Amino acid sequence: MTDTGSSLSDSSALEKLASARERILKQLSQVIVGQDQVIEELLISLFSRGHCLLEGVPGLAKTLMISTLARTLSLSFSRIQFTPDLMPADITGTDVIEENKTTGAREFRFLEGPLFANVVLADEINRTPPKTQAALLEAMQERQVTAGRIRHKLDDPFFVLATQNPIEQEGTYPLPEAQQDRFMFKVYVNYPNFNEEFEIARRTTGTIDTQIEPVLSAAEILHLQRIVREVPISDHVIRFALALVRQTRSGEPGAPEFVRDQVHWGAGPRAVQNLILGGKSRALLNGRTHVTTEDIQALAKPVLRHRIVINFAAESEGLTNDAVIDRLVRETPTKEDELTRDARFQKIFAS
């Protein structure tokens, strides 16, 4: 796959993305057992030019999954193990004094840190102080790092995959909502089922040697990211995505009663953008050149679960963000006439 001149209007573009997906999955399946939904959401995020936050207990192959994905994409990979003593310069890089052997003069030279890679694994991101998290935030949002007064651009594609442990919270620094919002998805990595764990045990305790072959180059990934943005989306599907997101804001007109009772803070406009971009990517990966409400529904949890804050009353009743999102998805009509004629949603669209 070397031709990068096609667009969505070219019928081969859809075939290229479908072929790329199949080849990536084939390579990953040699190392990773199960976790199909996690892998799909990672690929959607990659082709949408987004970042992912993965949450799961230790030992679920989060790090292995990410490093293997980087190998299948023929991209430079860097792993940063976040610790309480990690400083911003440790990840961004720093200026060092270097002597010019020809002139004898001393001059500053920027020594790049581990953020200068295409795929960056930020392992246990919640174990590092806020100022180091803020340095990563600039890289994620601006795709650059600042050392002194000089800004250094990062290479494209740039993809941050951060992991955090939901247990062992002592000595951690929970991610601020503003930084969580920069992640396109928050993905839950769950335990494997019996058959998957059986296969994991068989593979990892034997002598099986796997060879991962690169599938896509950096230029090809950038090309596919551009194709994703060309996917058409109807006004109805955009309206449906807006309806889901705006219902999470308890103080807005048209918010359902249970949201007013259970949600302290709702999702912002970035959630809508990510739902739409993710929907476009998911459509292409599933062989379609248009986005449906089903695409938006499928991505509601990974897009919204880290962007809404439930209140103490909801937490005391054992409710979760996912439970709130599930109910919103169930109670939001997918048909255009039902959505636009509903009095409550008319308030949302008029506000």
Side-chain angles (χ1 to χ4, degrees), residues 38 41-42 45-46 49-70 75-96 110-155 157-189 265 268 270 274 302-303 305-309 321:
V38 175
E41 290 171 358
L42 285 176
S45 181
L46 169 70
R49 204 168 178 257
H51 309 290
C52 267
L53 177 63
L54 283 78
E55 184 174 293
V57 299
L60 296 182
K62 298 186 295 296
T63 301
L64 179 62
M65 191 186 308
I66 293 166
S67 60
T68 306
L69 178 62
L75 299 176
S76 59
F77 172 71
S78 179
R79 175 184 176 178
I80 307 172
Q81 187 64 49
F82 279 72
T83 57
D85 60 349
L86 199 69
M87 301 298 289
D90 295 330
I91 65 173
T92 61
T94 187
D95 289 316
V96 296
F110 181 69
L111 191 64
E112 294 180 349
L115 276 182
F116 286 82
N118 297 122
V119 179
V120 176
L121 167 58
D123 220 354
E124 296 198 85
I125 187 175
N126 57 332
R127 293 204 174 276
T128 204
K131 60 183 177 182
T132 306
Q133 293 177 1
L136 177 63
L137 173 62
E138 180 191 7
M140 291 169 58
Q141 183 66 22
E142 309 297 336
R143 297 176 187 266
Q144 67 179 27
V145 300
T146 303
R149 297 182 179 179
I150 307 298
R151 295 186 179 93
H152 303 271
K153 286 288 183 184
L154 298 168
D155 290 334
F158 178 66
F159 189 41
V160 173
L161 293 163
T163 69
Q164 64 179 12
N165 187 345
I167 58 178
E168 300 173 11
Q169 291 301 306
E170 290 118 2
T172 62
Y173 303 84
L175 289 180
E177 280 71 19
Q179 182 156 350
Q180 291 193 59
D181 193 43
R182 263 63 177 190
F183 287 99
M184 180 177 189
F185 292 158
K186 181 177 183 180
V187 179
Y188 285 158
V189 185
W265 200 256
R270 195 175 278 116
N274 287 330
V303 168
R305 62 167 53 115
H306 56 300
R307 291 186 165 92
I308 64 175
V309 180
N321 290 11

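Every value quoted in this text rests on a predicted model; they were computed, and no experiment measured them.
P129 and T83 make their closest contact through CD-O, 3.9 Å (heavy atoms, listed as atom of the first residue, atom of the second, distance). L64 approaches S67 most closely through the heavy-atom pair O-OG, 3.1 Å. When all heavy atoms of F116 and V145 are compared, the closest pair comes out as CZ-CG2, 3.4 Å. Residues N274 and M184 approach most closely at O-CE, 3.5 Å, considering heavy atoms. Taking all atoms of both residues into account, the shortest heavy-atom contact from D123 to R79 is OD2-NH2, 2.7 Å. For the pair Q179 and A134, the tightest heavy-atom approach, listed with the atom from each and the gap, is OE1-N, 4.2 Å.
In terms of modelled atom types and a separation under 3.5 Å, the side chain of R307 and the main chain of D181 share a donor-acceptor contact. Formation of a donor-acceptor pair under 3.5 Å by the S78 side chain with backbone atoms of V120 is not found in this model. The main-chain N or O of N126 is never found under 3.5 Å from a side-chain atom of Q133 such that the two would form a donor-acceptor pair. Using a distance-only test at 3.5 Å, with no hydrogens or angles considered, a donor-acceptor pair links the side chain of R143 to the main chain of F158.
Annotation: the span from Q180 atom CD to R305 atom CZ amounts to 12.0 Å, rounded to 0.5 Å. In this structure, the separation between CG on L75 and CZ on F77 is 11.0 Å, given to the nearest 0.5 Å. One finds the OG1 atom of T163 at 10.0 Å from the CZ atom of R127 (value rounded to the nearest 0.5 Å). Within the model, atoms CD of Q81 and CG of D90 stand 13.0 Å from one another, a figure rounded to the nearest 0.5 Å. Put simply, CG on L175 and CG on L136 are 9.0 Å apart, with the number rounded to the nearest 0.5 Å. For the atom pair CG of N118 and OG of S76, the computed distance is 3.5 Å after rounding to the nearest 0.5 Å.
Taking the six-membered ring for Trp and thresholds of 30 and 60 degrees, H51 and F159 have nearly parallel ring planes, at less than 30 degrees apart.
The shortest side-chain heavy-atom distance between I125 and L53 falls under the 4.5 Å cut-off. No side-chain heavy atom of V119 sits under 4.5 Å from any side-chain heavy atom of L46. Taking the side chain as every heavy atom from C-beta outward, E138 and T92 never approach each other to under 4.5 Å. M87 places a side-chain heavy atom less than 4.5 Å from the side chain of K131.
In terms of the side chain to side chain contact (heavy atoms under 4.5 Å, CB included) criterion, residue partners of E55 (sequence neighbours excluded) are, by chain and number, Q164, P166, K186, Y188. Residues meeting the side chain to side chain contact (heavy atoms under 4.5 Å, CB included) test with E177, sequence neighbours left out: V309. T94 is linked by a side-chain hydrogen bond (donor to acceptor under 3.5 Å, both in side chains) to nothing, counting only residues two or more places apart in sequence or in another chain.
Exactly one of I80, I91, D85 qualifies for a side-chain contact (heavy atoms from CB on, under 4.5 Å) with T132. That residue is I91.
Other residues, nucleotides and ligands place no more than 12 heavy atoms under 6.0 Å from the CZ atom of R151.
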